[in-house]
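Structure, as structure tokens:
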Amino acid sequence: MVLTKAYLRYVQSACFGVVSSLKAKVVFIKRRINTTRKQIALYAVCPALENVIIWDVRRGEKVSVLAGDKHEVTALQVSPDQQVLAVGYEDGSVRLWKLQDNTCQVTFSGHKSAVSALKFDDAGGRLVSGSRDTDVIVWDTVNEAGLYRFKGHKGLITECYFMKSQNVLVTSSKDSFVKFWDLDTQHCFLTLVGHRSEVWGFTVAHDETRLITGCADSELRVWKINSNSESDTEQLSESNKKNGGKRNADEAGLDEESDEKPTEGTQLSCTLIGSIFRHSHERVVSIMSDSTQTFLGCLGNDSQLELFKTLNDEEIQKHLQKKLKRQRKKARKENEDQKSETDIEVTRTVEDELQRIHSLKLRSKIKSFDLFHDENANDLKIILLLQNNTIQLHSVTLKPVESSCVSSVTLPGHRSDIRTLCFNADGSCLLSGSQESIKVWNRSSCQPIRTVSTGYALCSLFVPGDKHAIIGTKAGKLEIYDISSGQLLESVDAHDGPVWGLSLSPDKRGFASGSGDSTVKFWEFELVSDAEHSQVSKRLSITHVQTLKMKEEVLCVKYSPNQRLLAVSLLDCTVKVFFADTLKFFLSLYGHKLPVMALDISSDSNLIITGSADKNIKIWGLDYGDCHKSIFGHDDSIMGLQFVPKTHYFFSVSKDKTLKYWDADKFEHITTLQGHHAEVWCVAVSPDGDYVATGSHDRSLRLWERTDEPLFIEEEREQEREKEYEESLVQNTERVIPGEVDGEAVKAGKKTLETVKAAERLMEAIDLYNEETAKMKEQGGGREQVSTNPILIAHGNITPARYVLEVVKKIRSSELEESLIVLPFSVATDMLTLLNHWLQRGWEVELSCRCLSFLLRIHHSQIVTNKVLVPVIDSLRQHAKSRVHGLRDTIGFNLAGLRFIQNEMEAREEKFFADATEKVKKIRKKQKSTFVQVVK
């Protein structure tokens, strides 16, 4: 009998060090903390790689974390009621999270690539998502299902918006088009083609009468959205007569042909009326307005945030009157102008509607922002997501206009890539170093204990005793820090080039440093008196003992655990091994085609492993320097290697974003640990081997913990093969509904692994139903006959038809149609019989009717030609119609009851429904009358 070797599995236990990632925009959420005083607390919702973190920016604390799977967050949007958060991921899925308990309500799978835009409608009942695959999908958040997919754009979708006044969706894309979609007829009725480059964003303002778009140039184009009614047509013609018809087009540098006209039967038209020139000459990164559409923010690629205010009709009128007074005053001073003051006219321009109020520019690059207008404090709150892994809250006072940084979140993470990691002697603390600082973390709580500003840290080690740390920097210095106080004790100019490697000697009396100046220097610890440090005690220092000069730059240096040998990696792709005591040459390890970026020696000093930029890992024997095995380990350069103490197992990290676990005795790849979303620069294994830490370009630290779960290599390979096979099944060509191939609107969902599994469970349930039905017929038909099937008994001795219904109910609403479309026609006929059975008994009428309508739609041609199904279809028609009528009567009765209760409440002089309606009507009437006066 052959025994299979088992390993212990490592799993990810923590991900920390990320304040916010950069692929999605930061958004505000509001929480009312005092209903009487109307006090509102603002929290920042930030993407954090695959997770979403909600920050209390004022306190710098995490409120909650919405944990994702493995795909990075690329889009965020909060519902109008601030209760649901829509999160788009890199794999094209959209999840709805309930913010009260931080649970995922539903998952929508429809896009083939990363989600780039999300937007709720005004009621929160619909959600639109745009993606890199150029599709726009409208989702029903109440029914938890996709409504339709729009295919019309040819580039990445940059922004989406549901109009409140009409059932219209507006979308923009990198294909330079802005499209208006009629959601009633599900087609595009208007396309704006006046942009010369990609449309990176837009916003709607001024009661949805203005559309403001941002492109790759320095202009913000302003479009007038017209309702296609007689009054609007008359007003438009009058304004064109007054302004000469060509003024606005000339200002924008476009011909009159760029003014778009809708097709017949649509309700909207859009006309270009002018443009606003931005201070920034770079492309627009994002453009958005606050919830009241009063303030507008435009972010350029040069990290300049420009703020505008959209004036209402009353403010515009005052502005025009002041403008008229200035012109009349100017005319009186000019004697040459004989024109009377009454002949002077003021034309309304785009600058009169959009007023620039402030520009905000920071040292670090701004990646995204969100706005909130605090009417009580009369200021504008701005949350900024910066490129250096920080978020800031700024406040802009309006009178006078001044901006200030209220608070920021900086401590929980590094500002740049993590380039070095090391554990202390007992593995309780982890030190990480980056370009600007080092941080000491508590391993169990994953919280930063100490943050110290340093030079560009490339390598690090804990001094024996764990009270001090030594950092090797890019400037060639060795910096000694006291961890308890965070104080720099000494900075030694050790090398003329960057210090690439440090290795503590096994006797713990000193260490060796390797540098780009082609030298390896040896140092010893010593205690020296320093009056500036302490008058009583001595402080730690280092003294230079010896120098080993090399012919090439030194990339890595490592002592063997028995302190017999010293391995040095050079830029000439070789590894030189010297005797540690005499520094005499012992071995040369050559075979890599590119420089060795990392190396390590096993605890028993028998093996040395080297990882190179040529993507290969080589395992060598230290006795004769023979290469035991060369393994193609990663898909990119290998940046770190380390043995698990007291074993011949080792870990490797690479720029291909993965951490791999190997057996150096059997030369086998044990498992791959995926989690990082960018290049992994460094790896550290705890002294007991229970924990592995990795640092990455995505500025995250990930901790991997060894569990008691056994891992078998053959089972791992079998699972990988099954996963690849299942993914290939999902990538096959999808069946389409007849008649939708050439349409602009097609089905919303896509086939995923979950839908395939749901379809398989449904087919198994239908097979069980057929078997049990055949048994009952053989035994004399009884419905009274109790089934002995263990599955039905486990579900409470239910009938086979009821069991199939339970299986259908367990399928997610968002995946139901995609699961039904997988069913072959033979199974679909059995499903129709079951649907007839359910409708006769009134079981789950809404669900049954939804399944029935979809099956009839996709199998229409085959059902029509099948005479066997005629009685089933006829019975379905009768029962479905009667059940739907019954539901309609119930809903009508409930609505009538609600109206009766409303009338009763109004009769008791509690007329808050009527008062609110009348108040809204008066406000709209007043706004419309003011607007007409200004136009005239």
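In this text, all values refer to a predicted model and were calculated from it rather than measured experimentally.
- No hydrogens or angles considered: nothing links the side chains of T658 and T672 as a donor-acceptor pair under 3.5 Å.
- Note that CD of Q862 and NE2 of H859 are 6.5 Å apart. Values are rounded to the nearest 0.5 Å.
- Between the side chain of S21 and the main chain of P47, a donor-acceptor pair closer than 3.5 Å is present.
- For residues 826-837, no residue pair satisfies the salt bridge (Lys or Arg N to Asp or Glu O under 4.0 Å) rule, not counting sequence neighbours.
- Aromatic ring centres of Y10 and W704: separated by at least 6.0 Å.
- Ion pairing between K810 and E754 fails under the 4.0 Å rule for side-chain N and carboxylate O.
- Salt-bridge formation is not detected for the pair E764/R761: no Lys NZ or Arg NE/NH1/NH2 atom is positioned less than 4.0 Å from an Asp or Glu carboxylate oxygen.
- Using a 4.0 Å cut-off between a side-chain N of Lys or Arg and a carboxylate O of Asp or Glu, K23 and E72 qualify as a salt bridge.
- Side-chain atoms of R95 do not come within 3.5 Å of backbone N or O of V87 as any donor-acceptor pair.
- Between E90 and R132 no salt bridge is recorded (no basic side-chain N to carboxylate O distance below 4.0 Å).
- Taken to the nearest 0.5 Å, the CD atom of Q878 stands 12.0 Å off from the CD1 atom of I873.
- Among residue pairs with one or both ends in residues 119-130, those qualifying as side chain to side chain donor-acceptor pair (under 3.5 Å) are H111-S129, D121-R126, R126-N167, S129-W139; sequence neighbours excluded.
- Below 30°, between 30° and 60°, or above 60°: for F150 and W181 the angle between ring planes is below 30°, a parallel geometry.
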